[in-house]
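Just so it is clear, the structure is predicted and the values come from calculations on it, not from any experiment. Here, residue 1 is the first one in the sequence, and each next residue gets the next number.
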Amino acid sequence: MRTNSASAAQPSRARLKLTALERKASIALALLFATRMLGLFLLTPVFAVAALTIPGGDNAARVGLALGAYGLTQAIMQIPLGMASDRWGRRPVIVSGMVLFVVGGVICAMAKNVDWILVGRIVQGVGAVSAAITAWVADATRPEVRTRAMAMIGGSIGISFAVSLVVSPMLVGEFGLSGLFWAISLLGFVCLLIASFVVPSVPQARMPIIQARVRDVLGHADLLRLNFGVFCLHFVLMALFIVAPGMLATLGGYDTSTLWEVYLPVILLSFVLMVPAVFYTETRHAHKIALEIAVAGLVVVLALMPLARHNFLALVALMVGFFIAFNILEALQPSLVSRVAPPEYKGLALGFYNTAQSLGVFMGATVGGLLAASGRSAAVFLLAAGLTFVWFLTARGFKDKT
C-alpha cells in the first residue's frame, strides 16, 4: 500500500511543478507587469511636490486630476481590452497598449504645464492591458500552478512600488520632472520589447477568459467586498500621496530630490515587519483574520495622521504602519479573488477587480487634490480613515470558504 501511495504521489508532485515553458512565460509576464507598474508608480511619490516647478502645478486640484486621470481611462478600457485580447490575441493588444503608454509619456515629458500632463496621462491610461496580461498568464499555465504564477505578478507589483519610492526622487533631482517622464516612456518601450520578443507564444485558451454574465460577478457578495476593498486601498494611497510628500518635505527639511532618504527606511522597515504577518497568514490559512486586522490597522493609522501632521517623526512612524498594512493587503486581496471566484467567471472577476482598482486611483487623487487645494489636508486623512472604516465593516462579512 505504501508503495502504491508513493507512486501515486510522485505524479501529483510532478504536476505541481512549473514546466520550462510555464516558468519562462510566468517570469516574462511578471517582468512585463512589474516594468509597466514601475512606469506608473514612479510619478506617485513626487508629483505633488515636483509639479510646483511648472505652470499650474501650484493648484492641488489640477495636480490631483492629472495624477489620477490615467486611472479613469484605465477603468473604462480594462474590460473592453481584455475582451479584445480574447478575439485578436494577447500580444497585439498588449503591444498596442504599450505604444499608447509610450506616446502618453512623451506628451507628459514635453508638457509645458499641468494641463498637457493631464492629456498625456489620459492617453497612457487608454492602454489598459492588465486584464490582457492576466489572461496571457491563464493561457500559459495549467490551473493547478496558475496561482503560483499570479503570485509572481502580485509580488512584482509590490517590489515595483517599493523601487519607485526610492528611485523617483533621485530621477527628479537629477533630471527634473520632464526627465522623470522620459524615464517612464523608456520603461514603456522596454515593456513593448518584452511583450514583442520575450514572452513565449502559447496557444490561447479556447474558451474566452471573460465568458460569464456581468450579473454573475455583481451578484457575488464576497467579490463585491474585495472590489470595494481594492477601490478603498488605492483611493487612500493616491489621496495620501497628494498631501504627505509636501508635509514630509516641509517638516523634515527635504526637497524633491532627497525625499528618497525618508522613503527608503520607511519601505524597508515596513517590508521587514510585514514578513511575519504574511508567514503567519499562509501557514495558518488565516486569510480572513489577516484581512480584518490589516484593514483595522489602516483605520487606526489614518485616524492618527491628522494629529501627527506637524510632527516629522510621528508622521514617518505612521507611514511605516501604513505601508505594513498596504503591502499585506496588496498581496492578499488578489489571492482572495482567485480563491473565491468560481472558475467559470474568474477572468471577468479579475477584470472587475482591476477596474475597481483603477477607479480608486482616479477618485483618490482627484478628491485628495480638491481637499488639498482648499487647505484641508487633515480632511484628506479623516476621509480616508472613514472610508477605510466602512471597508472594515464590509470585510467583516467576508467568507473565505476555502
Side-chain angles (χ1 to χ4, degrees), residues 33 36-37 39-45 47-48 51 56-57 59-85 93-94 96-108 111 113-134 157 161 164 181 184-185 188 210 214 217-218 224 226-243 330 348 350-373 380 383-384 387:
F33 212 106
R36 174 179 172 270
M37 294 308 294
L40 292 172
F41 285 144
L42 278 175
L43 197 61
T44 304
F47 186 55
N59 186 321
R62 291 165 73 184
V63 168
L65 186 60
L67 185 61
Y70 89 93
L72 178 61
T73 46
Q74 284 243 317
I76 293 170
M77 298 303 298
Q78 200 70 252
I79 292 176
L81 287 182
M83 297 176 73
S85 75
V93 169
I94 293 172
S96 300
M98 295 319 305
V99 169
L100 287 170
F101 185 86
V102 172
V103 171
V106 172
I107 292 173
C108 291
N113 53 50
V114 169
D115 293 334
W116 275 106
I117 290 179
L118 171 62
V119 172
R121 295 284 284 170
I122 290 172
V123 173
Q124 282 186 317
V126 173
V129 296
S130 296
I133 294 175
T134 303
I157 295 172
F161 188 72
S164 74
F181 278 117
I184 290 171
S185 301
I210 299 176
V214 169
V217 176
L218 296 183
L224 288 178
L226 292 170
N227 289 342
F228 180 66
V230 76
F231 170 87
C232 293
L233 186 63
H234 285 265
F235 180 104
V236 168
L237 175 70
M238 300 306 289
L240 186 66
F241 272 97
I242 290 293
V243 296
E330 187 75 349
L348 186 58
L350 287 166
F352 274 102
Y353 181 84
N354 289 328
T355 299
Q357 176 179 315
S358 297
L359 283 174
V361 168
F362 170 69
M363 292 297 296
T366 303
V367 174
L370 289 171
L371 290 174
V380 174
L383 174 63
L387 183 63

For the residue pair [X] and [Y], what are the closest heavy atoms and their distance?
X      : Y      : answer
Gly364 : Met238 : C-CB, 4.0 Å
Asn59  : Ala373 : OD1-CB, 4.5 Å
Asn227 : Ala356 : O-CB, 3.4 Å
Val126 : Leu81  : O-CD1, 3.4 Å
Ser130 : Phe33  : OG-CZ, 3.7 Å

Could you work out, with side chain to side chain donor-acceptor pair (under 3.5 Å) as the rule, every residue matching Gln357, not counting sequence neighbours?
none
Residue pair [X] / [Y], side-chain heavy-atom distance below 4.5 Å:
X      : Y      : result
Leu43  : Arg121 : yes
Trp116 : Cys108 : no
Glu330 : Leu233 : yes
Phe181 : Val106 : no
Ile117 : Phe47  : yes
Leu383 : Phe235 : yes

Given side chain to side chain contact (heavy atoms under 4.5 Å, CB included), test Leu100 with Gln124 step by step and report yes or no.
CA-CA 6 Å; Leu100 287 170; Gln124 282 186 317; over 6 Å; no
Given Val230 and His234, is the side chain to side chain contact (heavy atoms under 4.5 Å, CB included) satisfied, shown in steps?
CA-CA 6 Å; Val230 76; His234 285 265; 3.8 Å; yes
List the residues meeting side chain to side chain contact (heavy atoms under 4.5 Å, CB included) with Ile242, not counting sequence neighbours, and say none if there are none.
Leu67, Ala372
Taking Arg62 for the side chain and Gly56 for the main chain, is one N or O donor matched with an acceptor at less than 3.5 Å?
no
Sub-3.5 Å donor-acceptor pair from the side chain of Thr366 to the main-chain atoms of Met363, do we have one?
no
Here's a test for you: under side chain to side chain contact (heavy atoms under 4.5 Å, CB included), which of Leu370, Val367, Leu371 qualifies with Val380?
Leu371
Using side chain to side chain contact (heavy atoms under 4.5 Å, CB included), reason through Ile122 and Tyr70 one step at a time and then give a plain yes or no.
CA-CA 5 Å; Ile122 290 172; Tyr70 89 93; over 6 Å; no
Rounded to the nearest 0.5 Å, what's the gap from CZ on Phe362 to CD1 on Ile76? Could you check?
8.5 Å
